[in-house]
Amino acid sequence: MLYFLISFVSFLILSKSFTSKPFSSGGSGTKLGSIGFWGSLSSWLVSTLRKGSTSTPCSFFQFSLGMSLKKKNLLSKVENEEEEGKVSLLDLPDLPLECILEHLSPAELCSVATVCTSLRDRCRSDHLWKKHMERKWGKVFGDAAYRQWKCHVASKTREKISNQHNQKGILAFLNGGFSPFPWIKSKSEKATQSSSSLPEDSILSLYLSLESGKFWFPAQVYNRENGHAGFMLSCYDAQLCYDSRSDTFLARYSPHGRWTTEENIQWDRLRVPPLASSPHALHISDCLDDLRPGDHIEIQWRRNKEFPYGWWYGVIGHLEQCQGHGNQCHCHNNDMVILEFTQYTAGSRWRQAAINRKHHIEKGNEVNGFYGGIRKLQSKEEITRWKNIWPTKIVE
């Protein structure tokens, strides 16, 4: 009976091999596989007969499985030999590969990241995206914005952990605290644990959040509300959101109790806040003793004490009794300092203001507003930016 079974199985395999189609990978590989198969089959049959085993069907199944694996390995070797001579990007040493990736644009990096796992990890590295952040966002995204981003990430992380605990609690309650198949995980768990998910605190995640307009960040806006005359040559704090379609920004200002918005803000009207302080906080001036006529300044001003401060551009003027300029001017020795806002017409109540350099903290009233701290502009770049947004006509 055993001999009959062996003969029958051999006949079936032999007949199937004659009717099957050859592989397209080359005749040599197929012939080699056939010779190896029949040689191994013969050896196995002889050894089985000599041992007198009674578990032939199970053994034959194990033999077939082993031979199929051998055949797959043989075919993969043939395919690898055919692909010799093709150079992959991953075959390059680390330094040349990094140099190539550093010259790619953000869109190109994202495309290369979809090729394979290794390139995905390389293209997401912080040192690559830090350069793109500085290049595009460095002039509008400062330390205050980065601190807000860190708080945003921490909040999302806490929310995600809380949701996971809630889901586990519900599942445990429904299952009575027992899971019959602990190795089976829900799709949501697999998604959160996937290695392809982007870390929330990565620079790439920050870059994409800014580009997509999902993250609002703090910055300051020159000439707010589309250059309204009441805000000419001023700079106010705002929360900003980027619109990639128009390459402009949406701003939200908080004067008092309500938000006002402004659309289509260009890049050249934005800046990083020069001081790390709240717009409601009075700046303690450290330059009052050094102020001289002709110096360029920014001074805090607000309508009333419930409103936030804005920074207003001005210059230091001469006292009324001053008769000379240059070496003959002694205004810097006087305690009184004249602030001039030459964007306003002569005679306007907004044209000039006077402060005491020895006792100045905050000066003003509900009619003319309140003047706060003063910054002396040392950088030519800052002064040039103010001059570039100078109004085309004098404000009344």
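These values consider heavy atoms only, across backbone and side chains, with no hydrogens, waters or symmetry-generated copies. Here the structure is a predicted model, which is why all the values come from computation and not from measurement.
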Heavy-atom closest pair (His103 atom, Cys99 atom, distance to 0.1 Å) is ND1-O, 2.7 Å
Polar contact flag, side-chain donor to acceptor under 3.5 angstrom, Gln239-Gln148:
yes
Test side chain to side chain contact (heavy atoms under 4.5 Å, CB included) on Ile100 and Leu92 and set out the steps. CA-CA 10 Å; Ile100 292 173; Leu92 294 174; 3.7 Å; yes
Are Leu210 and Leu198 linked, directly or through intermediate hydrophobic residues, by side-chain heavy-atom contacts shorter than 4.5 Å (ILVMFWY only)? yes
Check your understanding: Between Gln321 and Asn334, is any pair of side-chain heavy atoms under 4.5 Å apart?
Key -> yes
*Verify the ring-centre separation between Trp137 and Tyr242: is it less than 6.0 angstrom?*
yes
> Would you say the side-chain atoms of Tyr207 and His132 include a donor-acceptor pair closer than 3.5 Å?
Replying inline: no
Indicate yes or no: at least one non-hydrogen side-chain atom of Asp237 is less than 4.5 angstrom from one of Pro218. no
### Task
Say whether His318 and Glu340, considering side chains only, have a donor N or O and an acceptor N or O under 3.5 Å apart.
no
Quiz item: Side-chain contact, heavy-atom cut-off 4.5 Å: Thr248 with Trp267?
Solution: no
Do Gln220 and Leu270 come within less than 4.5 Å of each other through their side chains, counting heavy atoms only? no
Please assess Glu262 against Arg224 for the test salt bridge (Lys or Arg N to Asp or Glu O under 4.0 Å), listing each intermediate value before the final yes or no. CA-CA 8 Å; Glu262 179 184 352; Arg224 60 176 280 185; over 6 Å; no
field: Heavy-atom donor-acceptor pair, Ser205 side chain to Ser202 backbone, under 3.5 Å
entry: no
### Task
Decide whether Leu282 and Trp312 are clustered together by the hydrophobic rule: side chain heavy atoms of Ile, Leu, Val, Met, Phe, Trp, Tyr closer than 4.5 Å, transitively.
no
Does the side chain to side chain contact (heavy atoms under 4.5 Å, CB included) test come out yes or no for Thr345 and Val395, once each step is laid out?
CA-CA 6 Å; Thr345 57; Val395 183; over 6 Å; no
Could you state whether Leu250 and Phe215 fall into the same hydrophobic cluster, counting links through intermediate Ile, Leu, Val, Met, Phe, Trp or Tyr residues with side-chain heavy atoms under 4.5 angstrom apart?
no
May I ask you to check whether over 12 heavy atoms, not counting those of Asn388, lie within 6.0 Å of atom CG?
yes
Per ring-ring contact (aromatic ring centres under 6.0 Å, His included), Phe217 is matched among Tyr146, Phe141, Trp149 by Phe141
Closest heavy-atom pair, Arg147 versus Ala276, reported as atoms and distance to 0.1 Å, is NH2-CB, 4.2 Å
Does the separation of the ring centres of Trp350 and Phe341 fall below 6.0 angstrom? no
- Steps toward side chain to side chain contact (heavy atoms under 4.5 Å, CB included) verdict (Thr260, Glu225): CA-CA 9 Å; Thr260 57; Glu225 299 185 21; 4.1 Å; yes
- Item | Salt-bridge contact Glu366-Arg303 (side-chain N to carboxylate O under 4.0 Å) | no
Correct closest heavy-atom pair for Ile203 and Asp126 would be N-OD1, 3.2 Å
From the list Glu382, Gln300, His283, side-chain hydrogen bond (donor to acceptor under 3.5 Å, both in side chains) with Arg375 holds only for Glu382
Note to self: Within 45 degrees of the ring normal and closer than 6.0 Å to the centroid, is that where the cationic atom of Arg252 sits relative to Trp216?
What the structure shows: yes
To the nearest 0.5 Å, atom OG of Ser125 lies from atom CG of Leu204 at 9.5 Å
Under the side chain to side chain donor-acceptor pair (under 3.5 Å) criterion, do Ser278 and His280 qualify, and how do the steps go? CA-CA 5 Å; Ser278 166; His280 292 272; 5.4 Å; no
Test: Arg385 cationic atom under 6.0 Å from Tyr222 six-membered ring centre, within 45° of axis: no
Between the CG atom in Asp290 and the CZ atom in Arg357, the distance rounded to the nearest 0.5 Å is 8.5 Å
To the nearest 0.5 Å, atom CG of Leu104 lies from atom OG of Ser111 at 9.5 Å
Answer yes when Lys376 and Glu298 have at least one side-chain N-carboxylate O distance shorter than 4.0 Å, and no when they do not. no
Open item on the list: Quick one, Glu108 and Ser105 - any side-chain contact, counting heavy atoms below 4.5 Å?
Closed with: yes
Between Ala219 and Pro273 the two heavy atoms that sit nearest each other are CA-CD, 4.0 Å
ask   = Just wondering, more than 12 heavy atoms not from Glu263 lying within 6.0 Å of its CD?
value = no
- prompt: Ignoring hydrogens and geometry, is there a side-chain-to-backbone donor-acceptor pair from Arg351 to Tyr344 under 3.5 Å?
  reply: yes
#### Entry: Close side-chain approach of Leu339 to Ile297, heavy-atom, < 4.5 Å
yes
*Between Asn223 and Leu233, is there a donor-acceptor pair closer than 3.5 Å when you use the side chain of the first and the backbone of the second?*
yes
**Prompt:** Short question: side chain of His360, backbone of Gly372 - any donor-acceptor pair under 3.5 Å?
**Reply:** yes
Do Leu288 and Val337 sit in one hydrophobic cluster, given that two such residues count as connected whenever their side-chain heavy atoms are within less than 4.5 Å of each other, even indirectly?
yes
Output for pair (Lys156 NZ, Ser209 OG), nearest 0.5 Å, gives 6.0 Å
Looking only at heavy atoms, the pair that brings Leu119 and Val112 closest together is CB-O, 3.8 Å
Next on the checklist: Between Ile383 and Val272, is there shared hydrophobic-cluster membership here, with clusters defined by ILVMFWY side-chain heavy atoms closer than 4.5 Å?
Outcome noted: no
Quiz item: Just by distance, with hydrogens left out, do Asn368 and Arg349 show a side-chain donor and acceptor under 3.5 Å apart?
Solution: yes
Heavy atoms of Glu362 and Phe370 approach each other most closely as OE2-CB, 3.6 Å
| message | Could you check, using the six-membered ring where one of them is a Trp, whether Tyr236 and Trp311 have ring centers closer than 6.0 angstrom? | response | no
key: Close side-chain approach of Ile374 and Ile355, heavy atoms under 4.5 Å   = yes
Determine, for Asp94 against Arg122, whether the closest basic-nitrogen to carboxylate-oxygen distance falls under 4.0 angstrom.
yes
Audit row: Lys150, Val153, side chain to side chain contact (heavy atoms under 4.5 Å, CB included) steps and yes/no: CA-CA 5 Å; Lys150 299 295 284 186; Val153 170; 5.7 Å; no
When rounded to the nearest 0.5 Å, the distance separating NE2 of His152 from CG of Asp201 is 11.5 Å
Item to check | Main-chain N/O of Ser118 paired to Asp121 side chain as donor or acceptor, under 3.5 Å | outcome: no
task = Please examine the side chains of Ile316 and Arg292, heavy atoms only from C-beta on, and report whether any two atoms are closer than 4.5 Å.
result = no
Rounded to the nearest 0.5 Å, the CZ atom of Phe307 sits from the CH2 atom of Trp301 at a distance of 9.0 Å
Kindly confirm or rule out a cation-pi arrangement of Arg302 over Tyr309, judged by NZ or CZ under 6.0 Å from the six-membered ring centre and within 45° of its axis? yes
